[in-house]
Structures are given as structure tokens and as C-alpha cells.
Amino acid sequence: MSKWIATLLTALTLAFTTALWGHDEVIAELDYFYSFERQLTVGSLLMLTVTVLIILPLSLFADACAARFIPFPGIERQLAALVGYFIIPSALAFFVLLISTSSMQVAASIALLFGISGLLLWIYQTLLSWLTTRSR
């Protein structure tokens, strides 16, 4: 359950920050298409789709790899999962986008976004699991 909540928090955090980063007040006053609410809504839907369909399965794969290669729980397994949460989504997105778009700049920027979303998912998931174990 904490993975789903972490996925939702990741999508909303990324959508909010990208909407703040790309928002322009002058353009927003002239056209509803560039309003902050619309950018936030569309960004939330897009980021939720990406995190649920791509980042969440890759995080399950990273957890399984970390559990298989490091059988004892501890800081080593957490570090392996952290590296997996960043490296696996960003490398996969980079290679797929590099093949399909042939633009290094687009592939690198979107791959970085996938890596950051993986890191945010790991951070939120770790915080939620820590809070639930602490409250018991």
C-alpha cells in the first residue's frame, strides 16, 4: 500500500514542480491554455500515468534485484535499491528515446526526469515505511 501512496506523491510532486517551473504569468493572462491549473492538471495526469505504468514496475524489479543479490537486510540493500531506482528507469528511458528520437538532448532530459521520479519514489517509499514502523 505504501508503494501506491508513494507513487501518487511522486507524481503530484513532479507535476507541481514542473508546473511551477514552466509557468509564465504573461502568457497565462492572455490564454487559458497556459494557466497554472491546466498545467498542473495535465501534468498530474501525465506523471501519474508514467509513474504507475513505467516507474512502479521498474521499482518492483529494482527491489527484487536488490533482494536477490543482497540477501540480508541492511544499508547495503537500501543503497542497491536506491541505485536501481535511479539507474534502471533513466538508462531504459535514455536508450529507448535515443533510438526513437535520435536527439541526445531530448533523451537526456527525459531520462533525467525518469531518474528523478525513481529517486522520489524511493524517498517517499522509505519515509512511509519508516513512519508506519515507527507508529506501531
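From a predicted model like this one, the values you see are computed outputs, not experimental measurements.
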Exercise. Where do Leu97 and Val106 land on the side chain to side chain contact (heavy atoms under 4.5 Å, CB included) test, with the steps shown first?
Worked result: CA-CA 8 Å; Leu97 288 168; Val106 170; 5.5 Å; no
Only pairs under 3.5 Å count here: list side-chain donor-acceptor contacts from residues 64-74, not counting sequence neighbours, and write none if there are none.
none

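- Atom CD1 of Ile123 is separated from atom CG of Leu82 by 7.5 Å, given to the nearest 0.5 angstrom.
- Smallest separation of non-hydrogen atoms from Leu14 and Ser117: CD1-CB, 3.3 Å.
- Going from atom CG of Leu9 over to atom CG of Leu127 covers 10.0 Å, rounded to the nearest 0.5 Å.
- Between Phe16 and the choices Leu20, Thr18, Thr13, Leu12, the side chain to side chain contact (heavy atoms under 4.5 Å, CB included) rule is met once, by Leu20.
- The two residues Phe86 and Gly115 come nearest to each other via the heavy atoms CD1-O, 3.2 Å.
- Side-chain contact between Ile110 and Thr101: absent, with no pair of heavy atoms (C-beta onward) separated by less than 4.5 Å.
- With rounding to the nearest 0.5 Å, the separation of OG1 in Thr132 from CH2 in Trp130 is 10.5 Å.
- Follow the hydrophobic side-chain contacts under 4.5 Å out from Leu40 and you never reach Ile116; the two are in separate clusters.
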For this session: Any chance you could lay out the side chain to side chain contact (heavy atoms under 4.5 Å, CB included) test for Met104 and Phe94, step after step, and finish with the verdict?
Result: CA-CA 9 Å; Met104 181 72 86; Phe94 180 74; 3.4 Å; yes
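- The two residues Gly118 and Tyr85 make their nearest non-hydrogen contact at O-CD2, 3.3 Å.
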For this session: Tell me, with the steps shown, if Lys3 and Leu60 meet side chain to side chain contact (heavy atoms under 4.5 Å, CB included).
Result: CA-CA 9 Å; Lys3 220 177 237 306; Leu60 293 172; 3.4 Å; yes
Donor-acceptor pairs under 3.5 angstrom involving side-chain atoms of residues 45-58: please list them, not counting sequence neighbours.
from  : atom 1 : to    : atom 2 : distance (Å)
Thr49 : OG1    : Leu45 : O      : 2.8
Thr51 : OG1    : Met47 : O      : 2.8
Thr51 : OG1    : Leu48 : O      : 3.1

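- Shown here are the side chain to side chain donor-acceptor pair (under 3.5 Å) partners of Ser44, two or more places apart in sequence or in another chain: there are none.
- To the nearest 0.5 angstrom, Asp63 atom CG is 5.5 Å from Gln125 atom CD.
- Among all heavy-atom pairs drawn from Gly84 and Pro89, the shortest one is O-CD, 3.5 Å.
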